[in-house]
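Reading through the structure tokens given below for one structure.
This one's a predicted model, so the numbers in the text were calculated from it and none came from an experiment. Just the heavy atoms: all of them, side chains too, but no hydrogens, waters or symmetry mates, feed the values below. Residue numbers begin at 1 in each chain, while the letters A, B, ... track the order of the sequences.
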There are 2 protein chains.
Amino acid sequence: MKVFEVVGQTRSFTRAAERLNLTQSAVSRQVRNLEDALGEDLLIRRHHHLELTPAGAELLATIQEAFHSIEVSLRSITEKSNQNRLRINVPPTFAKRWLLPRLARLREALPDVDISLSTEATDTLAERGLLDCAIRFGDGEWPMLDASILMTERHVVVCAPSLLEGAKVEGPSDLQRFTFLHVLASPDRRYLTWRHWLDAAGFQDVDTRGGLEFDLLDLAIEAACAGLGVTVADRSMVRNQLQSGQLVQLFDVAVEGHESYWFVTRPQSAGNRKVDAFRAWLLAEAAADRAE
Amino acid sequence: MKVFEVVGQTRSFTRAAERLNLTQSAVSRQVRNLEDALGEDLLIRRHHHLELTPAGAELLATIQEAFHSIEVSLRSITEKSNQNRLRINVPPTFAKRWLLPRLARLREALPDVDISLSTEATDTLAERGLLDCAIRFGDGEWPMLDASILMTERHVVVCAPSLLEGAKVEGPSDLQRFTFLHVLASPDRRYLTWRHWLDAAGFQDVDTRGGLEFDLLDLAIEAACAGLGVTVADRSMVRNQLQSGQLVQLFDVAVEGHESYWFVTRPQSAGNRKVDAFRAWLLAEAAADRAE
DNA sequence: AGCAAGCATTCCTTTTTGGAATGCTCTCAC
DNA sequence: GTGAGAGCATTCCAAAAAGGAATGCTTGCT
């Protein structure tokens with residue numbers, strides 16, 4: 001069929017064969033097969049040139065249009081989508097608190113890369129379809145995927161300055177007066193960030209059973225800003241709020257978390273220009289972040 | 001590609017395979033090959049159902065439209081053109097004087113056959129392209145073609161009644177007074193119909209060198225009707241004019257010509273419904289014509 | 001927990017497609 | 001009008017693509 005299209009354009013089996021990187025013999029038979037299948041001639045073989053029959057002319061026009069639209073679609077898939085668009089899933093809190101504030105800079109650094117950002121809690125990167133890469137929170141061990149560490153969490157305790165009412169907070173008992181804000185790993189299970197932080201700080205006997213629970217760290221931080229209580233959060237996630245005074249840090253204890261944020265890609269993406277560029281940018285930003 | 005279209009519709013390799021009369025294995029690989037070629041996934045394999053990626057959805061839509069238009073075009077070629085239309089070349093004079101007056105009856109007899117009538121002096125039937133069949137004048141010997149005889153020429157001499165001015169025309173000398181109308185076989189060669197007729201009539205010493213020449217018998221007949229001279233013509237070609245009195249026949253001599261009109265087809269058309277029907281009708285009409 | 005549905009994969013067969021060489025016919029030029 | 005060349009057809013064989021059967025693997029459902 002493709003063969004007939006080229007023959008129709010070149011009006012010659014020989015030239016069509018050249019253009020298609022085939023022999024004239026192959027072209028001749030392809031067209032003949034098509035004609036036989038249709039039970040209708042498409043070309044009139046004259047010596048030194050070919051003419052289209054009415055049926056051939058009609059079919060040629062249709063085929064050209066159809067192939068063209070398919071070609072455009074194919075190109076838009078292989079080129080546009082593949083070469084310019086980077087589809088990435090980022091955990092919601094990381095997206096909002098870390099990536100979004102840096103998106104403008106990303107656009108400057110990689111002006112020719114279009115970003116598609118989704119914030120599913122669990123991404124579908126392994127299913128090799130909708131995503132080019134992802135940022136994940138975890139231990140960096142994901143089968144069949146490549147991961148580069150971006151940053152390890154450094155947990156600090158924060159709350160709204162209004163909550164303090166000028167009082168000093170210096171020990172476990174002071175802390176116990178506040179409402180604890182927790183983040184859920186699943187509907188019935190909390191992340192153990194409070195536990196880890198308290199252990200690291202050397203605070204025993206603090207009862208964290210009460211308090212508010214949120215499914216997203218982001219909501220817990222928002223709650224803290226609103227003066228609802230104290231929460232443990234990664235320092236990078238609340239840097240802006242600390243700088244603007246929306247939040248204050250309690251205690252000078254920063255606990256290295258057990259898990260980290262990773263940039264995750266599929267092995268097939270190795271060497272992919274835009275993925276590599278994005279990774280480089282992310283790592284540079286993360287390094288700058290740590291240096292602050 | 002066709003495979004992907006069906007998979008996109010059925011959302012299942014297994015069902016697509018059934019519809020395509022293939023195995024699930026073949027379908028699976030076809031799609032995988034397409035994806036590999038594009039470097040882009042088109043489907044998300046879930047268990048118990050498939051989902052389209054954005055790229056897949058876009059491609060599916062394009063492909064469906066493109067294939068549909070090609071299919072329509074293909075169908076119009078194989079069905080409409082092939083099944084309903086009969087393309088036929090008929091020598092000009094035969095077309096005008098014999099076939100055209102019978103076209104209305106042909107439409108009645110074969111209402112579902114559309115006729116495409118061309119009147120090239122030399123048809124292209126052997127080149128298998130534009131024609132389904134032809135009517136030819138000759139000896140019935142054409143390589144690679146099948147021929148059925150329709151009618152043998154019966155030459156009579158005719159002229160306009162006004163030309164006679166009431167005079168009797170009974171011998172060669174009477175004939176010599178008229179202008180002879182000739183038909184050319186090629187620019188410099190006449191058909192020998194006058195010669196044959198004169199020989200058969202037993203008229204010696206008639207000088208036919210002068211007179212008017214025409215490239216078509218039809219023009220010669222028209223000239224005769226206009227009173228320009230006498231011509232030899234096949235009786236079937238002038239039957240209407242004789243009946244209406246536009247022409248009259250001179251002498252009661254009808255000469256069987258050396259050549260005949262034949263219905264000619266390609267061997268590949270053997271068994272073709274519309275060709276067979278047309279042949280049957282032609283032969284019946286020719287028989288009826290002879291009976292008159 | 002076990003079964004069934006459904007896609008992936010492997011190995012082998014079948015079908016299709018392609019290439020090289022050759023033949024045939026027409027056109028063009030001398 | 002004759003020879004050369006251009007261009008399509010055809011034949012035979014090789015290569016490659018597609019297909020089939022069987023099997024494995026994962027997951028959703030009962």
Side-chain angles (χ1 to χ4, degrees), chain A residues 1-38 40-53 56 60 122 124-130 142-145 266-268, chain B residues 1-38 41-53 56 60 122-130 142-145 186 188 266-268:
Chain A
M1 211 122 214
K2 185 71 195 167
V3 170
F4 173 68
E5 192 204 348
V6 177
V7 170
Q9 289 169 354
T10 60
R11 300 295 157 91
S12 154
F13 286 2
T14 308
R15 284 192 296 280
E18 281 169 23
R19 192 157 0 138
L20 292 163
N21 276 104
L22 292 175
T23 58
Q24 172 265 323
S25 150
V27 173
S28 173
R29 253 170 324 146
Q30 286 278 4
V31 174
R32 170 56 55 97
N33 288 157
L34 181 58
E35 288 177 327
D36 288 351
L38 290 177
E40 181 81 11
D41 288 341
L42 302 171
L43 296 170
I44 304 172
R45 278 87 168 158
R46 299 213 185 279
H47 301 272
H48 289 260
H49 77 289
L50 298 173
E51 281 172 27
L52 289 166
T53 64
L60 178 64
T122 57
T124 57
L125 184 61
E127 295 170 28
R128 54 167 262 165
L130 294 170
W142 291 287
M144 308 297 298
L145 294 174
R266 292 198 294 264
Q268 302 98 292
Chain B
M1 220 129 203
K2 185 70 195 168
V3 170
F4 173 68
E5 192 204 347
V6 177
V7 170
Q9 289 169 354
T10 59
R11 298 295 155 90
S12 154
F13 287 2
T14 309
R15 284 193 295 281
E18 281 168 20
R19 176 123 56 104
L20 291 163
N21 276 105
L22 293 175
T23 58
Q24 172 265 325
S25 151
V27 173
S28 173
R29 254 170 322 150
Q30 286 278 1
V31 174
R32 170 54 56 99
N33 288 156
L34 181 59
E35 288 178 326
D36 288 351
L38 290 178
D41 288 342
L42 302 172
L43 297 170
I44 303 172
R45 278 86 169 159
R46 299 213 186 280
H47 302 271
H48 289 261
H49 77 289
L50 299 172
E51 281 172 26
L52 289 166
T53 65
L60 178 64
T122 57
D123 67 62
T124 56
L125 184 62
E127 292 169 30
R128 56 165 263 161
L130 295 170
W142 291 287
M144 308 295 299
L145 294 173
S186 65
D188 56 355
R266 292 200 293 264
Q268 303 96 294

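- On a pure distance criterion of 3.5 Å, a polar donor-acceptor pair joins the side chain of B:S25 and the base of D:dA21.
- Rounded to an integer number of Å, the gap from A:L42 CG to D:dC8 C1' is 16 Å.
- Looking at heavy atoms from C-beta onward, B:R266 lies in side-chain contact with B:L145 at the 4.5 angstrom threshold.
- Taking each heavy atom of B:V7 and B:A16 in turn, the nearest pair found is CG2-CB, 3.6 Å.
- Rounded to whole Å, atom C1' of D:dC25 lies 18 Å from atom CZ of B:R46.
- Heavy atoms only, all atoms of each residue included: B:Q30 and B:V3 are closest at CB-CG1, 3.8 Å.
- Taking atom CG on A:L43 and atom P on D:dG7, their separation rounds to 15 Å, with Å as the unit.
- Judged by distance alone with a 3.5 Å cut-off, no donor-acceptor contact links the side chain of B:R45 to the base of C:dG6.
- Summarising the geometry, the separation between CG on A:D36 and C1' on D:dT10 is reported as 13 Å, rounded to the nearest angstrom.
- Listed here is the closest heavy atom pair of B:R11 and B:L60: NH2-CD2, 4.4 Å.
- A residue-by-residue look at A:H49 and B:Q30 shows that A:H49 has its nearest nucleotide of DNA chain D further toward the 5' end.
- Remark on DNA chain C: of its neighbouring residues B:R29 and B:T14, the 5'-side contact belongs to B:T14, judged by nearest-heavy-atom nucleotide.
- The residue among B:N33 and B:Q24 whose nearest nucleotide of DNA chain D lies closer to the 5′ end is B:N33.
- The side chain of A:R32 contributes an N or O atom lying less than 4.0 Å from OP1 or OP2 of D:dT10.
- To the nearest angstrom, P of C:dG18 lies 5 Å from CG of A:L22.
- Considering only heavy atoms from C-beta on, A:V31 comes within 4.5 Å of A:R45 through its side chain.
- Atom P of nucleotide D:dA9 and atom CD1 of A:I44 are separated by 13 Å, given to the nearest angstrom.
- As a whole-Å value, the separation of B:F13 CZ from C:dT9 C1' is 13 Å.
- As rounded to whole Å, 15 Å separates atom C1' of C:dT17 from atom CG of A:L34.
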